[in-house]
Structures are given as C-alpha cells and as structure tokens.
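Okay, structure first, notes after.
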Amino acid sequence: MGFWHYLFIRAALVYLVYTALLGTLFYLFPGLVGPFRPSHVHAGLVGFFLQMVMGVAYWMMPRPGGLRQDRLEGITFVLLNTGLLLRLVLEPLFLSGHAGLRPWLGVSGVLQVLATLVFAHAMGRRVLTAEMLRRLREERERRGG
C-alpha cells in the first residue's frame, strides 16, 4: 500500500468515527441537529464513503503498463480534504447565522468537485479494454521494453 492510499483510508476512518460521535451527540444535545446535520451527512458520505472508495480504487485498480499516479493521488487527497474540512468547520457557523461565510462554502464545494474531476481523470487512464492492453503490450515490445 502506498503513502496516499494509506492516507485516504486512514482519513476515511477518522471521518467514520467523527460521524458516529456526532450522531451520538445529536441524541444527547438535540439543539446540535439543526446546524450540524448537513455536515454530519457530508462527513459520512464524502469523508468516509467517497474517500474510502477513492483510496481503495487508487490502491487496487490495475495500473496498465506500470502506470504511477502518485501526483494525481496526492492532488485528489489534498483537494478533497481541504474542501471537506472547510465545509465541516464553516457550514455549522453559516447555518447559525454567519451569512458572510457563503462564498467560503462555495470554495469548499469547488475544491471537492476538482478532487472528483482529478480522480475521474486518473481512473479513466486505468480503465482499459483487453484490446487496449494488447496494443500497449505490443507497443512496448516494439520499443524493446
């Protein structure tokens, strides 16, 4: 397992625990539900689920021709987590009446969308048909590799 795969999966587990703790706090302090519900859902779906999927996909998906994507993995991780952390910190404040935070929530969304686009690009380079793989192999053999 590579460095970025490890970080994706560890971060996903942190968000899982955060989501479970926050959900428990909702029962103990019902007043938290209003400002924290969207963040709770986002931490579970994006922080845990999507991040786990991304980490496992980067780790386990085939790497045609020995493809290395460390840079794309790192960019995806940083964009996703920066955007997600911004949202988790700012959204409860925004929902509590700090309307001036709306542009920053937009920035958090843009960062997460960019992370998704980088991930989609990286995975698109890995998804190949048997025919494409055969051509890659033939090309490499012609070059003497």
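Note that this is a predicted model, so its numbers are computed, not measured.
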Salt bridge or not between Glu138 and Arg134? Use side-chain N to carboxylate O under 4.0 Å. yes
Joint cluster assignment, Val46 & Val89, ILVMFWY side-chain distance < 4.5 Å: yes
Angle class for the Phe8/Tyr58 ring planes (parallel below 30°, perpendicular above 60°, tilted otherwise)? tilted
Verdict with supporting geometry, Gln112 and His42, side chain to side chain contact (heavy atoms under 4.5 Å, CB included): CA-CA 11 Å; Gln112 292 172 78; His42 209 72; 2.7 Å; yes
Less than 4.5 Å apart, side chain to side chain, heavy atoms only: is that true for Met54 and Leu50? yes
Side chain to side chain contact (heavy atoms under 4.5 Å, CB included) between Met52 and Val56, intermediate numbers included: CA-CA 6 Å; Met52 181 66 77; Val56 171; 4.1 Å; yes
Kindly work out whether a path of hydrophobic side-chain contacts (I/L/V/M/F/W/Y, heavy atoms less than 4.5 Å apart) joins Leu93 to Leu25. yes
Check for a donor-acceptor pair, side chain of Arg126 on one end and backbone N or O of Met61 on the other, with a separation under 3.5 Å. yes
Separation between CG (Leu67) and CG (Leu72), nearest 0.5 Å, reads 8.5 Å
Beyond-backbone contact of Leu13 with Val17, side-chain heavy atoms, under 4.5 angstrom: no
Met123 to Ala57 - nearest heavy-atom pair and separation: SD-CB, 4.0 Å
Min side-chain heavy-atom separation Thr19-Phe48 under 4.5 Å: no
Distance col, row Thr116:OG1 vs Leu80:CG, nearest 0.5 angstrom, shows 6.5 Å
Closest contact, heavy atoms only, Glu91 versus Ser39: OE1-OG, 3.3 Å
Check the pair Leu88 / Tyr15 against side chain to side chain contact (heavy atoms under 4.5 Å, CB included), numbers first and verdict last. CA-CA 11 Å; Leu88 295 181; Tyr15 288 116; 3.6 Å; yes
Arg135: what forms a salt bridge (Lys or Arg N to Asp or Glu O under 4.0 Å) with it, not counting sequence neighbours? Glu131
Phe3 CZ to Phe77 CZ distance, which is reported to the nearest 0.5 Å: 8.0 Å
Any side-chain heavy atom of Asn81 sitting closer than 4.5 Å to one from Gln51? yes
Within-4.5 Å side-chain heavy-atom neighbours: Ile9 and Trp59: yes
Check this for me: Arg71, atom CZ, are more than 12 non-hydrogen atoms of other residues, nucleotides or ligands nearer than 6.0 Å? no
Other residues, nucleotides and ligands only: do more than 12 of their heavy atoms fall within 6.0 Å of CZ on Phe26? yes
Do side-chain atoms of Glu73 reach the backbone of Trp4 as a donor and acceptor pair under 3.5 angstrom? no
Who passes side chain to side chain contact (heavy atoms under 4.5 Å, CB included) against Phe94, sequence neighbours left out? Leu101, Arg102, Leu105
Would you say Val14 and Phe49 are hydrophobically clustered, going by side-chain heavy atoms of ILVMFWY under 4.5 Å? no
Restricting to non-hydrogen atoms, name the atom on Pro38 and the atom on Leu95 that form the minimum distance, rounded to 0.1 Å. CG-CD1, 3.7 Å
Close side-chain approach of Leu90 to Ser108, heavy-atom, < 4.5 Å: no
What's the spacing between Thr82 OG1 and Arg87 CZ if we round to 0.5 Å? 15.5 Å
